[in-house]
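Only one structure is covered here, and it is reproduced in the block below.
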Protein chains: 4
Amino acid sequence: MPKISDKKREDRRQQILEAALACFSADGFHQTGMADIVKRSGLSHGAVYLYFQSKDDLIEALADDRHRREAILNSVAQGSGDPIEGLHALVRVYAQWLTDPMGEARRRVGIHGWAEALRNRRVRTSVVEGIDLPRALIVALVERGQHDGLIKRDIGADAISRVLIAIFQGFVLQKCWGEDFDVAACMATVTTVINGFRTTTADMKRRTRT
Amino acid sequence: MPKISDKKREDRRQQILEAALACFSADGFHQTGMADIVKRSGLSHGAVYLYFQSKDDLIEALADDRHRREAILNSVAQGSGDPIEGLHALVRVYAQWLTDPMGEARRRVGIHGWAEALRNRRVRTSVVEGIDLPRALIVALVERGQHDGLIKRDIGADAISRVLIAIFQGFVLQKCWGEDFDVAACMATVTTVINGFRTTTADMKRRTRT
Amino acid sequence: MPKISDKKREDRRQQILEAALACFSADGFHQTGMADIVKRSGLSHGAVYLYFQSKDDLIEALADDRHRREAILNSVAQGSGDPIEGLHALVRVYAQWLTDPMGEARRRVGIHGWAEALRNRRVRTSVVEGIDLPRALIVALVERGQHDGLIKRDIGADAISRVLIAIFQGFVLQKCWGEDFDVAACMATVTTVINGFRTTTADMKRRTRT
Amino acid sequence: MPKISDKKREDRRQQILEAALACFSADGFHQTGMADIVKRSGLSHGAVYLYFQSKDDLIEALADDRHRREAILNSVAQGSGDPIEGLHALVRVYAQWLTDPMGEARRRVGIHGWAEALRNRRVRTSVVEGIDLPRALIVALVERGQHDGLIKRDIGADAISRVLIAIFQGFVLQKCWGEDFDVAACMATVTTVINGFRTTTADMKRRTRT
DNA sequence: TATGAATGAGGTTTCATTCAT
DNA sequence: AATGAATGAAACCTCATTCAT
């Protein structure tokens, strides 16, 4: 029985996923043919189907892949003491991710995934869970900040997390569409936005009164 | 003379566009077959091709349609005196648009269009021009606000506009994916974000010192 | 009842036939769409179908048209006394027809008709009858020539007629394919061919012996 | 290793070409649907497109095929010493080809190709090159004959070749249209025609005088 | 009579997937 | 395990013809 080693098996899998990523990035899921992926992977049709049951399977595997990578991204941003500083750290991590030229393909496929999530339940689950991770992280930070009196208490932690995530989603779109997206300037503005959530002296006075 | 009246002609066009919108919203551009659109429109294959040269033409027509509608949306938000109030007005208009249940299909198709924009130049042009409209509007408001000393001068007007637009793009995504997106709460937070751009007393002091 | 005059009716018919001729000449019968003919004729779809029942009907009408024109062509060549001179006259008439720049379209459509004759009985009948006319004419001339002792008696009149007709068919093909077909030189050679059918002194001696 | 053997591959190709030949012979290029060819070949749609990129490709492959076969035909007729005998040999070869019942389909497709050559450049090139082969052969023979004083010098070798080729083209047409085409009698007449190009005693006297 | 919008069967081609080797 | 030839449903689009006006 010509069973290959687990390592080789995993290598082949990655080889196929990389080919798929490149193709999907260039043409989208539905304009990419299996033949394109097969050619780019250097394997055969049959081989690809040994590792993935179908094209949808491949799409979902990439969605999961992204899911896993973002989990790591988030973990990197954890562990700082000051909640506000934690938010800034998260921003820096995502800014980094947004700028990485190697990640361009992944960002583009991500956008295709956002559209695909509208009609493919598995993909949607993966995407939604993917954003639930940073959301929970942000919520935790904000709630701690509110508890410590550092962040305004009249806005929901959940809403803040959704706004911050939305900003990054929009940045991905705008960056992938055009070349003139100034990441640094936009990031600086995000910093301002976060600082805007800080408790001001006015808030304190108001609170005292209440 | 059976030459159809202009009104009837335009009605038929809308009839087809609506069918296409519904289909594209449900299945995306590439999973929707012309047969689906034909069936839903109640017309025949040939009739559809009498009004649109190809499926791509249909996609582009919808992109243009969206473009045109957003232009109206923006114009609605213009004309207020106070720049900050102008931004809030704009937010209200888009919040309205985001909440409108009739617009669900259009929002979903919009997302598919964002993905399509990555590989279809015509669609990308339409999308990019579509966001250039509100961007220019926001930039104008912010610059006026900065000139009047109402808005912080240390952040770029362009970056602010991109952040606000990104927020809305992210909101569209999050709203279309899940049912638990709290539009009101998020909008309130956007209000806070905008207020965060206001000049603070601290800013003034700093400026004086400089 | 808005019945139009016979003359107007005939004019319209010709208008359509001319449009069809131009289209068929350029693109062949099956690559030409009714829409092309309609556009070129300046009439409407409905109008064309008032004059011709179908596209095939149009093709057949053009075949018949050609049939009729060739009948005239042949009649022109009749009536000379000397049979050999009659053949030369016929050659001159066809040479003329082959050279006429206005007839280019008709020659091209003729070729398309030859192919169509293989699968359309009506067209084949028309084509075959069309060549039967000059064939009968040539056969009559040759038989008279043979009777008068001017033309060799050991070759069939029918075969001679088929050879002469074949020569013209081939000329039409070669002329329509390329620009370097030298009509004058080829015609001169046909003259030689015809003279080759003349009885020689050798023939006469042989005959005397028999 | 399921990579098909070269022989099997070539067999399949021929299988498809034969099916196409039969269909095109019966219905012409444009009335034949790919479905007809697919059905007749016994393969599937996809398989046919594995061997030929498009219907046009199939048409051109048949044109090239014919080109190649005629080249062989011509080579067979070469090599005789006496130029006049060479012409007669050529006539015999073509007479053979014209009579072969297996070649009926090929002759019919050939006619369709003549029409197609009017609007398809690739086909025209193939057709024109196809007749250039025997033309060059005939020209060479005739020029040798003229040099040796066996053939009249007052007619162009090129014109003679065109006449002989035209005769065969016409024969193909007439044979494919009707059942009553007497190949033997017509061929005998061609022999007479060729002999008519021989130098006569009259020619010699005239030449002497000059 | 005349119009041209509408029909819908049928055209060519693609492509995710399978399976004999 | 691996190959790639083969499948056939389904994709997009065209076009000869009809018919309400």
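Numbers restart at 1 for each chain; the letters A, B, ... are given by sequence-line order, proteins then strands.
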Side chain of [X] only, please: which of [options] is the nearest?
{"X": "Lys3(B)", "options": "dA5(E), dT13(E), dA6(E)", "value": "dA5(E)"}
{"X": "Ser44(A)", "options": "dA2(F), dT7(F), dA16(F)", "value": "dA2(F)"}
{"X": "Tyr51(A)", "options": "dA5(E), dA16(E), dA2(F)", "value": "dA2(F)"}
{"X": "Tyr49(D)", "options": "dT14(E), dA16(F), dA1(F)", "value": "dT14(E)"}

Measure from [atom1] on [X] to [atom2] on [N] and round the result to the nearest Å.
{"X": "Ile4(B)", "N": "dA20(F)", "atom1": "CD1", "atom2": "C1'", "value": "11 Å"}
{"X": "Arg13(D)", "N": "dA6(F)", "atom1": "CZ", "atom2": "C1'", "value": "18 Å"}
{"X": "His30(A)", "N": "dA10(F)", "atom1": "NE2", "atom2": "P", "value": "17 Å"}
{"X": "Arg9(B)", "N": "dG4(E)", "atom1": "CZ", "atom2": "C1'", "value": "11 Å"}
{"X": "Lys39(A)", "N": "dT3(F)", "atom1": "NZ", "atom2": "P", "value": "16 Å"}
{"X": "Gln31(A)", "N": "dA11(F)", "atom1": "CD", "atom2": "C1'", "value": "11 Å"}
{"X": "Met34(B)", "N": "dC12(F)", "atom1": "CE", "atom2": "P", "value": "7 Å"}
{"X": "Asp11(D)", "N": "dA5(F)", "atom1": "CG", "atom2": "P", "value": "15 Å"}

Give one of base, sugar-phosphate or nothing for [X], where a contact means two heavy atoms less than 4.0 Å apart.
{"X": "Arg12(A)", "value": "sugar-phosphate"}
{"X": "Phe52(C)", "value": "nothing"}
{"X": "Gly46(D)", "value": "base"}

Trp177(C) versus Ala117(D), closest heavy-atom pair with distance: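 The answer is NE1-CB, 3.6 Å.
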Smallest separation among heavy atoms of Arg13(C) and Ala61(C), with atom names: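 Closest approach of Arg13(C) to Ala61(C): NH2-CB, 4.2 Å.
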Residue mapping more 5' on DNA chain E - nearest nucleotide basis, Leu50(B) or Ser54(A):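 Result: Leu50(B).
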5' precedence on DNA chain E between Lys8(B) and Asp56(D) (nearest-nucleotide basis):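 Comparing both residues, the 5'-ward one is Lys8(B).
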Donor-acceptor pair present, His45(A) side chain and dT17(E) base, under 3.5 Å: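 Yes, a donor-acceptor pair under 3.5 Å.
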Worked check of salt bridge (charged side-chain N to carboxylate O under 4.0 Å, His left out) between Arg107(A) and Glu104(A): CA-CA 5 Å; Arg107(A) 289 190 292 272; Glu104(A) 179 75 4; 2.8 Å; yes
Whichever of Phe29(C) and Val48(D) has its nearest DNA chain F nucleotide further upstream toward 5':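 The residue closer to the strand's 5' end, by nearest nucleotide, is Val48(D).
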Pairwise 5' ranking along DNA chain F for Ala35(C) and Gly42(D), keeping only the more 5' one: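 Whichever sits nearer the 5' end wins; that is Gly42(D).
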Counter-base of dG4(F), judged by Watson-Crick or G-U geometry with both distances under 3.5 Å: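 Check on dG4(F): paired to dC19(E), both distances under 3.5 Å.
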Neighbour count >12 (heavy atoms, 6.0 Å) for atom CD, Gln53(D):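 Count not over threshold, so no.
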Under-4.0 Å salt bridge between Asp27(A) and Arg108(A):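 Between Arg108(A) and Asp27(A) there is no salt bridge, as every charged N stays at least 4.0 Å from the carboxylate O atoms.
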Parallel, tilted or perpendicular: ring planes of His30(D) versus His30(C), cut at 30 and 60 degrees: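 Taking His30(C) first and then His30(D), their aromatic rings sit tilted (interplane angle of 30° to 60°).
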